[in-house]
Amino acid sequence: MEESIFRSELMEWYQTSQRSLPWREAPNAYSCWLSEIILQQTRVAQGAPYYARFLETYPTVQDLADAPEEEVMRLWQGLGYYSRARNLHKCAKTVSHEMNNTFPSTYAGLQKLPGIGKYTAAAIASIVFNEAVPAVDGNMYRVFARYFGIQTDIASPKAFKEFFELGATIIDSGKPGDFNQAVMDLGATVCTPKKPLCDTCPLASGCHALAKGSQGDLPVKKKKIKVRERHLNYIVIRNGDKTFMRKREAGDVWQDLYDFHLIETEKPTDFDLLTDTVLESLIKTGASLADSSPTFKHVLSHQRLFARFYIIEAQGSGLDEILQNTGLKAYTDQEIESLAKPILIENYLKKYLDGRLLLA
DNA sequence: GAACCGTGGAT
DNA sequence: TATCCAAGGTT
């Protein structure tokens, strides 16, 4: 039977070919959960250093729950998708305060926690608690779509049901955690998106895509993202040895991270700048734009950002009044170092102002 | 159900 | 350079 061959060949391959990864050494609910959240939409190579730092800084879920949110966000800086960090902290507090520091032990129970969806719940439930639920992620879609020749658009929500049910019939119920990790390892190292290594694949003999030569067409994914262009004019307001920054709010990218006073324009910088009330008020006090940076190009998943930074030396008198209700607060260089900032801001501080604003 | 949310590496 | 996409989740 096709399904049993898939299972046995895959499990045998995993015994000799599994990757050696830090979170596989001594699996427990906390470390498994931590690794899964970090690895959402993130490559192993990028997430691994963060996993090590988080586990060292917060050895237990209670340590993470007791940490200040600002510290957690700062430790997450550079990983992206920052709602993961907020939910990570929220989840830790729930587990610590309402569950006696003990994670739920079931697929259903895990999904009730913030930041844990179907995939992550299945991964933890199978790896830590031996529950036989398939972990449907990008690797699983690819491996299964190719092997079984499934044409369903994986971007459509109904695809999940189809792959989940198929996975449930094939999963090794004796070692569900190994099975799920085997699918992921195969997808990551052999059945790769481009140029899959079919010559060395343990599932080659029964693979539909290999037989048809359709590896490049599977899985089917129709969704195309639209990329919006934005022009960001950052006003770096300085006063003595301090710089004004503000915490970004909900409704846009980089929620809860810190940046400078922002004037967004439809086009690259022009005299629209003068329509900004804060900037206008500052200039009235005698301050002037002292310096500007080259354009920084920064690419997000749905946006292309073009940013320029203008330094303005503000006067002490009247500053509080001008900046009230803007959310802007003054920070020393040392304080800025401890704030969570977008990579764009970090790049500006490091590469352009290095040795001038921040003492390296 | 579709859009949104980051960053970096590979091709 | 442009595109894809990586152990997804939330709204």
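We name chains A, B, ... by the order of the sequence lines, and we start the count at 1 in each one. Quantities reported herein were computed from a predicted structural model and do not represent experimental measurements. Computation of the quantities below employed the complete heavy-atom set of this structure, encompassing side-chain atoms and omitting hydrogens, waters and symmetry-equivalent molecules.
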Spacing between A/Gln255 atom CD and B/dC4 atom C1', to the nearest angstrom: 12 Å
B/dT7 OP1/OP2 closer than 4.0 Å to side-chain N/O of A/Gln77: no
Distance-only polar pair, side chains of A/Ser156 and A/Asp153, donor-acceptor under 3.5 Å: no
Under 3.5 Å side-chain donor-acceptor pair for A/Gln62 and A/Asn101: yes
Atom pair distance, as rounded to whole Å: NZ in A/Lys226 and P in C/dA2: 18 Å
Sugar-phosphate only, base, or nothing, as touched by A/Gly78 at under 4.0 Å among non-hydrogen atoms: sugar-phosphate
Atom C1', compared across C/dC4 and B/dG6: separation rounded to whole Å: 15 Å
Axial cation check for A/Tyr81 ring with A/Arg84, 6.0 Å and 45° limits: no
Donor-acceptor pair between A/Gln315 and A/Thr285 side chains, under 3.5 angstrom: no
Side chain proximity check, A/Trp76 to A/Tyr82, heavy atoms < 4.5 angstrom: yes
A/Glu70-A/Tyr258 side chain donor-acceptor pair, cut-off 3.5 Å: yes
Contact under 4.0 Å: A/His298 side-chain N or O vs B/dT7 OP1/OP2: yes
Test log, rule ring-ring contact (aromatic ring centres under 6.0 Å, His included), inputs A/His208 and A/Phe148: CA-CA 6 Å; A/His208 177 278; A/Phe148 295 101; 9.5 Å; no
Sugar-phosphate, base or nothing in reach of A/Leu300, heavy atoms under 4.0 Å: base
Between C1' of B/dT7 and CD1 of A/Ile38, the distance in whole Å: 14 Å
Residues from residues 149-173 of chain A lying under 4.0 Å of DNA chain C - heavy atoms: none
A/Glu249-A/Gln255 side chain donor-acceptor pair, cut-off 3.5 Å: no
Distance, nearest 0.5 Å, that separates CG of A/Asn130 from OG of A/Ser173: 9.0 Å
Reading 5' to 3' through nucleotides 4-11 of chain C, protein heavy-atom contacts under 4.0 Å coded B for base, S for sugar-phosphate only, - for none: -BBBBSS-
Separation of the P atoms in C/dG9 and B/dG8, to the nearest angstrom: 22 Å
Integer-rounded Å distance: B/dG6 P and A/Asp259 CG: 12 Å
Most 5' of A/Lys195 and A/Asp252 on DNA chain B, judged by nearest nucleotide: A/Asp252
Span that lies between the P atom of C/dA7 and that of B/dC5, in whole angstrom: 23 Å
Sugar-phosphate, base or nothing in reach of A/Leu79, heavy atoms under 4.0 Å: base
Nearest-angstrom distance from the residue atom CD of A/Gln303 to C1' of B/dC4: 9 Å
